[in-house]
Amino acid sequence: MAKYKEYQQLNLPAISQEVLAKWETNRAFEKSVELREGATPFVFYEGPPSANGLPGIHHVISRTLKDLVCRYKTMRGFQVKRKGGWDTHGLPVELGVEKMLGITKEDIGKKISIAEYNETCRREVLKYKDKWDELTRRMGYWVDLKDPYITFENNYIESLWWILSELYRKGLLYESVSIQPYSPAAGTGLSSHELNQPGCYKDVKDTSAVVMFKAVRDKKSEFLFKDLAADEELFFMAWTTTPWTLPSNLGLTVGPKIDYVLVKTLNPYTHLPVNVVLAKALLGKYFKPEAENGDFASHSSESKTLPWKILGEHKGAKLEELRYEQLLPYEANTPEKAGGDPFRVLLGDFVTTEDGTGIVHTAPAFGADDYKVGTKYNIGMLVMVDRQGKFIDGLGEFSNRYVKNYKDDPNYVDVNVDISVKLKKENRAFRIEKYEHNYPHCWRTDKPVLYYPLDAWFIRTTALKDRMVELNKTINWKPRSTGEGRFGNWLENMVDWNLSRSRYWGTPLPVWRTDPDDDGAGAREEICIGSVAQLKEAVRASIMAGLMSPPVGDDVETYINKITSDLHKPYVDEIVLVSTTGKPMRRVADLIDVWFDSGAMPYAQWHFPFENQKTFAENYPADFIAEGVDQTRGWFYTLHALGSLLKESVHEELKKVVPAGTDLDAKYPGLAYKTVVSNGLVLDKNGNKMSKRLGNVVNPFETIDKFGADATRWYLITNASPWESMKFDLDGIREVQRKFFGTLYNTYQFFALYANVDGFDFKEAYIPPVERPEIDRWILSSLNSLIVKVTESLDDYEPTIAGRLIEEFVDEHLSNWYVRLCRRRFWKGEYEHDKICAYQTLYECLETISRLMAPISPFFSDWLFTNLEDATGRIRAASVHHVDFPVANADFIDLPLEERMQMAQDASSLILSLRKKVNIKVRQPLQKVLIPVLNPAMKDQLQKVEDLVMAEVNVKEIQYLSGTDGFIKKKIKPNFIALGKKLGAKMKAVSTALAQFTQENIEKLEKEGDITLFIDKEPLILTINEVEITSEDIPGWVVANKNALTVALDVTVTPELAQEGNAREFVNRIQKIRKDNGYDLTDRILVKVADVPALSESLNRFNEYICAEILADSIELVKEPANGTEIEVNDIFLKVFVTKKA
RNA sequence: UGAUCCGUAGCUCAAUGGUUAGAGUACCAUACUUAUAAUAUGGCGGGUCCGGGUUCAAAUCCCGGCGGAUCAACCA
C-alpha cells in the first residue's frame, strides 16, 4: 500500500524546487492549457516588461496577481493562454546604452553610426532576459516564454504600421505644431519623462514684471473710458516671469467670471497719472487700503504710498475683444508677420487670481495655454527667439541677445532686466521685482527649459473622447476609484496624443512626403505606408523611377527584400519613394511614442491583420489585465485609446473571418479589456520607495531562495489589498511561513502519521455526513462555507480576502479546534466507523484546502495535493493545477451548526479564562458550569455541543438558567440600528431611560413583549426586538461573558474531584516517561508504583481509566520500586518504575 | 501646481454611519504540550493625522489643512 510521505520538518524552498522540477518534467503548464482545449477562453494580456533592467520584488506582486487569476480561471474550467511579451523600444534603453558606451545623443551618427547604435540597443534591451525568465520560473508564474511577442520585431512593427495607416486613412493622424519643452542649450526637445527626472523642477529667482498694455479707445471700449478725459490713458496690467516673451506678445487673456476693476492711480516709477485694469481680488497686492481715495495733488516722488481710486468694475467677459497697442513694436514683430488679428483681449478658463494681476500676457509661441487660446481667437504667432535661445534680428537693441545665459558667458547681461528697464522708462511698467518660482530645467545641461513651438505628429484621441468615456463605464476597475477617479478624470481632460519622439531606437513613423517647394508654397504629397508589401511595391516603383537603385551585384528583388528586412532607422530612412507626380518622397524623421508599441499589443502580438485573424478574434478583448497603478495613464490608457480608435478598422478585418451574423458591435465594442486590476507600489518596511540609491531594494531571488515562492506570494497577496501600496517586510513572510504554512504542514503531518499507522487510503465508501459525528459535520460545513466565500472573493478579484479566509479556516477551525478535539479519535480505538469518519473528514479538508490555495501558492498546494493523491489515487490527476476548483455542496452547509460550534469555542475560552483566574489547572476536573440562556433556541444550540465543551474544559455538567428565575442579573440597551429611524433625536433620552431599567422592568418587557416609556411626557412603545438584553452577572459566582454568552463556573474542588485530578496528573506523568523512554505509541507497559497513602485511593478508584490511558494491564503498588523515576503529583512525591511489556 | 489613492495599537491589518474601535504580531507573565519553531489565558498598548461641519449617532459622510505615494503638467 502506498504511504503518505512523512517529513522531518517543513522546508518551503525545497518544496518549491522539487515541485518546479516535476512541473518541468511533466510539462505541467502546457498540460494545464491543453486539458482545457475547446473550453471557453479566458483572455489575459501580459503587459510587456522591459528586460533592460533587473526585476525587483515589486514585479513579484503584480505577476503573482496575474498568475493567480489565470490559475484560478483555469481551475474554473476556462482555457487561459498566456502569451508573454517584451517591451523593447524607448528612452530608458537608449539612455542605458549611451551610458554604457559613454556617449551622448549628439554623438550618434558621428562617433557611432545609427546602425551600430541601434544594434547595441537591440542587444542590450534583452540583456537581463535570462534573469527575468528565471524569476518567472522560480516564482511560479505560468506564462508562455517560448513564443513571446517582441516589440522590435518586423512583424510587430508591421502591425503598428497597419494601425497607423488606418488612423491616417480616417484622418486621426495628423501633424501640427505643439508647444513643447525645449532645451536651447542642448538643442533638443525634452520628453515629459526627461522633465520629470528628479531635480528638474528647481526654485529659481527671475525678474518678473507687471507691465501695462495701453488700451485703444473706440466704440467697444467706450464703457471703460466714459469717465476719463480725452487725453487720459488706460492700461491693462499683466504679469510675467519671462519678460523675454513680451516682444512676442499678441494677446491678453482674462477670466470670463473674474471681476476686474478700473483704478485711477499713479505710476510708481514715472509718477504720471494712469488708469489701470486688474482683477479686483488682487487689488491688495498693489494698493494699500489706507491710500484709497488718497490725495493725488500732494503726491510726490518721495511718497511711500500711491493714492488710488476705483472708477468702475466689470466681469472679464465684458472685456472680450477690446484692443490694445503693441507693447514693444519692432520691424521683426509687426502684426503682418504674426498673421491673424492680434492685440485683443481674450477669454480663457485657465486664468486665476492666485498671482499677478488676473490678466495673462499671451505669447502663443511660448506657452501651451497661450497657443490654445491664441489659435481659438486667431491672433497669429510670433517666434522672436531662435532655437539657440536668442532673439532674432530686427528687435532693435535686443536683437541677437540670449534670453537666458545659455552659453555660460561670464559677461552675460540679463536681457530680461534690460527689457524691464526700458518699460519702466516708457511708463509701461508698474512693478519690477525678483520673483522666486518653480521652473523646469534640462536634466542634461541644467539650464532653464523654454516652451517652444515644434512640429509633431498627433493622434486625434479627442475625436473619440465620448466613446472612450462611455466604454470606460463598462470596465470593471479594481479598485473602482481608479477607474472613476484617476482614469475617468484623465479621459475628461484628454488632449490629442503626441506621438512624436526624436530618437533613434523605436518604431519609425511610416510617413513619406515630398520636400517643401523652395518658396514653401504648394501642396506637399504624402503617403502613410500600412504594410511591408505596400512598402516593397513602393520601393519597386521608386527604383523604376530611378530614385533608388540596387547596389552593384544585387538584383532588384534581393535589394527590395534586404532594405525592407529591418523596419528601423537608419534603413527606413534610406528608402526614398516616388510621388504620383514623380517627385522624391522622404520619410519624416519622427519615431513614435513607445506607449503606442505596448498599447497595440492586442493586435501586434498576433501580427494582426496580416495573419492569425482567427486567433485574434478569439483573444480580443482581454477578460483581465493587471499592472501597477502607475500604468493608469500609460498602458491602461493606450490600450483603451487604441481599442476605441480602431473599432471600425477591426470590424472590417474581422468580417472576413467570423461567421456571418456575428454581432460585431456586441462582441467587439471597441474595448480592449473588461477587467483591470491596478496594484499598488511596494515600499520598503519604513514606507520609503525602493530605489538603488537608498539601497533598500529587496532582491526577489534571495527572498525566494530563503522563504520559497509560496510564502512570498502568500504574504504579498494577504498582507494588503493589491491596490494599496504595501510596506514590504521580511518578518511578515516569516510570520506567514510559521503561522500558516507551518500549521497546515503540521496538520498534514499529523494526518499522515496516523493514516499510515492505520493504513487509511480512502478505499472505504464515502460516508455521508449525516452518518458522521457532529464535529465532522461541523468542519465539513465550515469547509463548504469557506469554498463559497473564497469563490466569491476570487470571482470579485479580491484575492486578499480569499487568502485571509483560508488562513482563518486552517488556523482557527481545522488545526486548533477540529484536530485538537479529535486527536484521540485518530490514535485511540480500532479502525472502524468513527475512525474512518475522522480520516475521511480530515483528508477531505486537506485536499480541498490544497485546491483552494492553489492559485495563490502553487508549489506547496501541489505538494500537499500530490502527497495525498499519491497515497489514495482518489482523483487521478498529476497536479492540483489540472483539477477543478472545489465546488461547494450546499447540503453540507449547516449554519446553525457553525453558529453553535462558535458558541462552544467561546464558552470554552471563557471557562478556561475563569479557571485561569482562580488558578485551577485544566487537568483538575470541576463539577459544574452555569450558562444563562436568553431563549429556548439558544439552550437547544448549546445542548448539542455541551459534550464538546465539557470535555474541552474538564467539567462534569452544564446547567442552563432560563431568564425568568431571577437568578441572573440582566442588562438592557437599545438596538440602535432598529431604533435609529424610529426615534431620531429621542435616541439619547431612550438610551438614558433604558440604562435606568431595573431587573423588574426588563423582566416585564421580556414577558409582555413590549413596554411603554414616557419621553418628555410622550408615551413611546418599545418592543422586545428594539432592545438588546444580555445577562451580565450571576451574583456569588465567578463569571465571564462575551457577546450574548455568559458562563459561571463552580470552582469548588471536592475531595472526589481532587482524587480524579490526581489520577489525571498521574497519567500525564506516566505519559511523559513513555515519551522519554522512546516507546512507540502502541507499546504496552508494566508499571510499578510506590504505595503512597495520599495517592493510593486515587489510583485504586481510577485504576481502569489510568490503565486505559497509559496502555498498561494493571498498576502494581509496591513498597519502594527499585530504579524508579521520581515524580510529583500535585505536591505528592513518589517513585514509579515503567518498563515495556515484552 | 493639479488629479487620484492612502493615513486606525511599536509593526501588519480589521471594523453595511449604530454606542467600551477589534485581530494578529512584538513584548511581559502564567499554564499546557504522545501533531505543532505550537497552543491557552492574562497583561501592556490607540481614542482613529490635525481642525471644522452634517447627524440622535462619525474611524466611516462633507469641507479645509498636514504627511506619504502615484500620475500628469501649462502655469502668466
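Predicted model, so just to flag it, every value in this text is computed and none were measured. Residue numbering restarts at 1 for every chain, and letters A, B, ... go by the order of the sequence lines.
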(request) Write down the atom of A:D593, the atom of A:W497, and the distance for their closest heavy-atom approach. (result) OD2-NE1, 3.0 Å

(message) Rounding to an integer number of Å, can you tell me how far A:Y843 OH sits from B:A35 C1'?
(response) 19 Å

(request) Examine distances only and state if a side-chain atom of A:T712 and a backbone atom of A:G708 form a donor-acceptor pair shorter than 3.5 Å. (result) yes

(message) Taking 4.0 Å as the cut-off, does a side-chain nitrogen or oxygen of A:T743 come that near to OP1 or OP2 on B:U36?
(response) no

(message) Any donor-acceptor pair under 3.5 Å linking the side-chain atoms of A:T241 with those of A:S208?
(response) no

Can you tabulate the close N/O pairs, meaning under 3.5 Å, that link protein atoms to atoms of nucleotides 40-46 of chain B?
| from | atom 1 | to | atom 2 | distance (Å) |
| --- | --- | --- | --- | --- |
| B:U41 | OP1 | A:S909 | OG | 2.7 |

(message) B:A35, OP1 or OP2 - any side-chain N/O from A:R823 closer than 4.0 Å?
(response) yes

(request) Starting from P on B:C27, measure out to CG on A:D731 and report it in whole angstrom. (result) 10 Å

(message) Counting only side-chain heavy atoms from C-beta out, which of B:U36, B:A76, B:U34 sits nearest to A:T240?
(response) B:A76

(message) Side chains of A:N472 and A:W477: any donor to acceptor distance under 3.5 Å?
(response) yes

(request) Examine B:U39: is either OP1 or OP2 under 4.0 Å from a nitrogen or oxygen in the side chain of A:K739? Give yes or no. (result) yes

(request) Please give the nucleotide sitting opposite B:G22 as a Watson-Crick or G-U wobble pair, both distances under 3.5 Å, or none. (result) B:C13

(message) Between A:K478 and A:E798, does any side-chain N to carboxylate O distance fall below 4.0 Å?
(response) yes

(request) Write down the partner of B:U39 under the Watson-Crick or G-U wobble criteria, each distance required to be under 3.5 Å. (result) B:A31

(request) State the pairing partner of B:A58; accept Watson-Crick or G-U wobble contacts with both distances under 3.5 Å, and report none otherwise. (result) none

(request) Send over the distance from A:Y818 OH to B:A35 C1', rounded to a whole Å. (result) 14 Å

(request) Using whole Å, report how far CD1 of A:I801 lies from C1' of B:C13. (result) 13 Å

(request) Let me know the distance between CG of A:L821 and P of B:U36, rounded to the nearest Å. (result) 17 Å

(message) Taking any heavy-atom pair under 4.0 Å as a contact, classify A:V990: base, sugar-phosphate, or nothing.
(response) nothing

Could you go through nucleotides 2-6 of chain B and list every protein N or O atom that sits under 3.5 Å from one of its N or O atoms, giving the distance for each pair?
| from | atom 1 | to | atom 2 | distance (Å) |
| --- | --- | --- | --- | --- |
| B:A3 | O2' | A:N489 | ND2 | 3.3 |
| B:U4 | O2 | A:R486 | NH2 | 3.2 |

(message) Could you identify the nucleotide paired to B:A73, looking across every strand shown and requiring Watson-Crick or G-U wobble geometry with both distances under 3.5 Å?
(response) none

(request) Quick one, give me the B/S/- string for nucleotides 55-61 of chain B, reading 5' to 3', where B means a protein heavy atom under 4.0 Å from the base and S means that only happens at the primed atoms, P, OP1 or OP2. (result) -B-----

(request) Mind checking A:Q1071 for me? I need base, sugar-phosphate or nothing, with any heavy atom below 4.0 Å counting as a touch. (result) base

(request) Compare every heavy atom of A:F826 with every heavy atom of A:D758, then report the nearest pair and how far apart it is. (result) OD2-O, 3.7 Å

(request) Check the distance between B:A73's C1' and A:K372's NZ and give it to me in whole angstrom. (result) 12 Å

(request) Keeping the roles fixed (side chain from A:S793, backbone from A:P799), state whether a donor-acceptor pair exists under 3.5 Å. (result) no

(request) To the nearest Å, give me how far apart CD (A:E1026) and P (B:G18) are. (result) 18 Å

(message) Does B:A35 have OP1 or OP2 under 4.0 Å away from a side-chain N or O of A:Y754?
(response) yes

(request) Could you check which of B:A76, B:U20, B:A35 has an atom nearest any side-chain atom of A:W827? (result) B:A35

(request) With heavy atoms under 4.0 Å as the rule, sort A:D370 into base, sugar-phosphate or nothing. (result) nothing

(message) Can you tell me which nucleotide in B:A76, B:C13, B:G18 comes closest to the side chain of A:R804?
(response) B:C13

(message) Checking base pairs now: Watson-Crick or wobble, both atom distances under 3.5 Å. What partners B:U48?
(response) none

(message) Applying the Watson-Crick and G-U wobble criteria at under 3.5 Å, what pairs with B:C5? Answer none if nothing qualifies.
(response) B:G68

(request) Return the value, rounded to whole Å, for the distance between atom CG of A:L250 and atom P of B:A76. (result) 18 Å

(request) Let me know, please, whether A:F750 or A:K921 comes out on the 5' side of the other along RNA chain B by nearest nucleotide. (result) A:K921

